[in-house]
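Note sheet for the following structure.
Order of listing sets the numbers, starting from 1, for every ligand and every atom in it. Along the sequence shown, residues are numbered consecutively beginning with 1.
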Amino acid sequence: MRLRHIPGAEEQIAESSYVIQNPQENKGRWAQVFGNANPVVIEVGMGKGKFLMELAASNPDINYVGIEMYSSVLLKAIQKRKGMDLPNLWFLRIDARALADVFAPGEVSTIYLNFSDPWPKDRHAKRRLTSPEFMAVYDKILKAQGTVEFKTDNRGLFDYSLESVPKAGWTIKLQTFDLHHSPYAEGNVMTEYETKFSAEGKPICKLIAQRTA
Ligand code: SAM
């Protein structure tokens, strides 16, 4: 998702009490930031943040961090969150390439990638969030048994990921080409894109990966 630039977005983000402004300063200290040692779960490319807001409201004993690199998109999440009492959710405006500057080794329990941009051209493959380059970043911050959970409607990106993720040294623990009609549908929390694409009748693919032991 890339919205047209919204004048004043950066200023509103800088003033927002939902956004951590210098997240690099919290590397290795997220338990202090949240005030507890609960697991830290992140969504990379959270868009307008519906998924994480729902998870944070239903799971007060889990800490959530939403990562979004575009100010105009993050601003939508900030606006949507207004009035919600969610002490277990922070937003960061960073590129996921910098995640290891923000989280220490083993500091993150789960990484969600939801409806990531497909980047269909071969020359843009490194930008895909399931590329070996990004899997190497996740490897630096995930705890030993931590998982990467990826959902998409894009069959090309999913097929690519089924190859790229094992090549990067990860085991695919679960995979489905039609999440909503699979045994894994129960408890599934829909993202904004998921709601839109499934209403159009598109099947949703999902995989869960863990580092190969
Ligand atoms: N996860 C949401 C959903 O499922 O409704 C939004 C999906 S949207 C297609 C993908 C989002 O990922 C966009 O908002 C985009 O700005 C963000 N994104 C893409 N690459 C990113 C990166 N390297 N770091 C942080 N955010 C990224």
Side-chain angles (χ1 to χ4, degrees), residues 1-6 9-10 13 16 18-21 23-24 40-57 64-81 89-103 108 110-121 123-142 147-158 160-161 164-165 168 179-180 185 188-200 202-208:
M1 186 187 317
R2 197 163 179 181
L3 301 175
R4 199 148 23 112
H5 180 257
I6 300 173
E10 281 79 11
I13 289 169
S16 172
Y18 304 138
V19 180
I20 293 189
Q21 304 297 338
Q24 297 81 354
V40 174
V41 167
I42 70 174
E43 183 184 9
V44 175
M46 70 162 174
K48 296 179 190 168
K50 168 189 185 287
F51 174 78
L52 278 194
M53 289 180 220
E54 283 187 32
L55 283 183
Y64 294 94
V65 182
I67 313 290
E68 175 52 54
M69 71 177 181
Y70 289 117
S71 301
S72 50
V73 183
L74 178 56
L75 187 60
K76 298 280 179 198
I78 291 170
Q79 290 164 345
K80 194 177 171 73
R81 187 179 162 174
L89 175 62
W90 283 105
F91 295 150
L92 309 184
R93 198 199 61 73
I94 59 164
D95 186 321
R97 288 180 183 84
L99 281 171
D101 299 334
V102 169
F103 296 100
V108 174
T110 306
I111 298 176
Y112 289 113
L113 311 173
N114 291 321
F115 299 84
S116 311
D117 301 315
W119 294 110
K121 291 184 181 143
R123 68 189 157 89
H124 291 146
K126 285 183 181 175
R127 300 184 192 180
R128 298 174 191 151
L129 292 183
T130 51
S131 66
E133 288 77 8
F134 275 101
M135 296 308 291
V137 174
Y138 311 147
D139 182 45
K140 289 186 186 160
I141 62 170
L142 260 189
T147 52
V148 173
E149 302 204 9
F150 171 52
K151 290 195 280 190
T152 184
D153 65 302
N154 188 298
R155 187 59 193 265
L157 180 62
F158 193 66
Y160 163 83
S161 307
S164 65
V165 168
L179 172 64
H180 295 179
N188 177 53
V189 173
M190 301 248 268
T191 78
E192 249 125 10
Y193 272 63
E194 187 171 359
T195 306
K196 178 172 171 279
F197 291 136
S198 58
E200 291 170 6
K202 293 187 179 159
I204 305 302
C205 304
K206 177 173 180 174
L207 68 79
I208 299 182

**Request:** Please say whether more than 12 non-hydrogen atoms of neighbouring residues, nucleotides or ligands are located less than 6.0 Å from NZ in Lys202.
**Result:** yes
**Asked** Is the NZ or CZ atom of Arg128 both under 6.0 Å from the centre of the six-membered ring of Tyr160 and within 45° of that ring's axis?
**Response** yes
**Prompt:** Would you call Lys196-Glu192 a salt bridge at under 4.0 Å N-O?
**Reply:** no
**Prompt:** Less than 3.5 Å between some nitrogen or oxygen of Asn114 and one of ligand 1, yes or no?
**Reply:** yes
**Salt-bridge contact Glu194-Lys206 (side-chain N to carboxylate O under 4.0 Å)** = no
**Contact atoms of ligand 1, heavy-atom distance to Phe115 under 4.0 Å** = 4 (O), 7 (C), 8 (S), 9 (C), 10 (C)
**Request:** Under 4.0 Å from a heavy atom of Asp95: give me the atoms of ligand 1 that qualify, with their elements.
**Result:** 22 (C), 23 (N), 24 (N)
**Request:** Give a yes or no on whether the backbone of Asp101 and the side-chain of Gln24 come within a donor-acceptor separation of less than 3.5 Å.
**Result:** no
**Request:** Go through ligand 1 atom by atom and flag the ones less than 4.0 Å from a non-hydrogen atom of Asp117.
**Result:** 9 (C), 10 (C), 15 (C), 19 (C)
**Item:** Test item: Arg93 side-chain N/O and Met69 main-chain N/O as donor-acceptor pair under 3.5 Å
**Value:** yes
**Donor-acceptor pair, side chain of Asp95 and main chain of Ala98, under 3.5 angstrom** = no
**Request:** Return a yes/no value for Arg97: is any of its N or O atoms, backbone included, closer than 3.5 angstrom to an N or O of ligand 1?
**Result:** no
**Complete:** For Tyr70, the ligand 1 atoms with a heavy-atom partner under 4.0 Å come out as 16 (O)
**Item:** Atom indices of ligand 1, in the order listed, that fall short of 4.0 Å to a heavy atom of Thr191
**Value:** 3 (C), 4 (O), 5 (O)
**Message:** If we ignore hydrogens and angles and just use 3.5 Å, is the side chain of Glu68 paired with the main-chain N or O of Tyr70 as donor and acceptor?
**Reply:** yes
**Asked** Can Glu194 be said to touch ligand 1, with heavy atoms closer than 4.0 Å?
**Response** no
**Message:** Is the terminal nitrogen or CZ of Arg81 (NZ for Lys, CZ for Arg) located under 6.0 angstrom from the six-membered ring centre of Phe91 and within 45° of that ring's axis?
**Reply:** yes
**Prompt:** Is Ile67 close to ligand 1, meaning an N/O of one under 3.5 Å from an N/O of the other?
**Reply:** no
**Asked** Considering distance alone, does some N or O of Glu43 sit under 3.5 Å from an N or O of ligand 1?
**Response** yes
**Request:** Below 4.0 angstrom from a heavy atom of Ile94, which ligand 1 atoms are there? Numbered from 1 as shown, please.
**Result:** 24 (N), 25 (C)
**Asked** Hey, does Gly45 come in under 3.5 Å of ligand 1, counting only N/O atoms on both sides?
**Response** yes
**Message:** Applying a heavy-atom cut-off of 4.0 Å, say which part of Val73 lies close to ligand 1: side chain, backbone, both or neither.
**Reply:** side chain
**Message:** Checking the side chain of Asp117 only, and the main-chain atoms of Trp119 only, is there a donor and an acceptor separated by less than 3.5 Å?
**Reply:** no
**Request:** Taking only heavy atoms of Glu192 into account, list the atoms of ligand 1 that are under 4.0 Å away from them.
**Result:** 5 (O)
**Message:** Just to check, does Thr195 reach to within less than 4.0 Å of ligand 1 when the distance is taken from its heavy atoms?
**Reply:** no
**Message:** Please state which option from Lys76, Met69, Lys50 has its nearest heavy atom closest to atom 21 (C) of ligand 1.
**Reply:** Met69
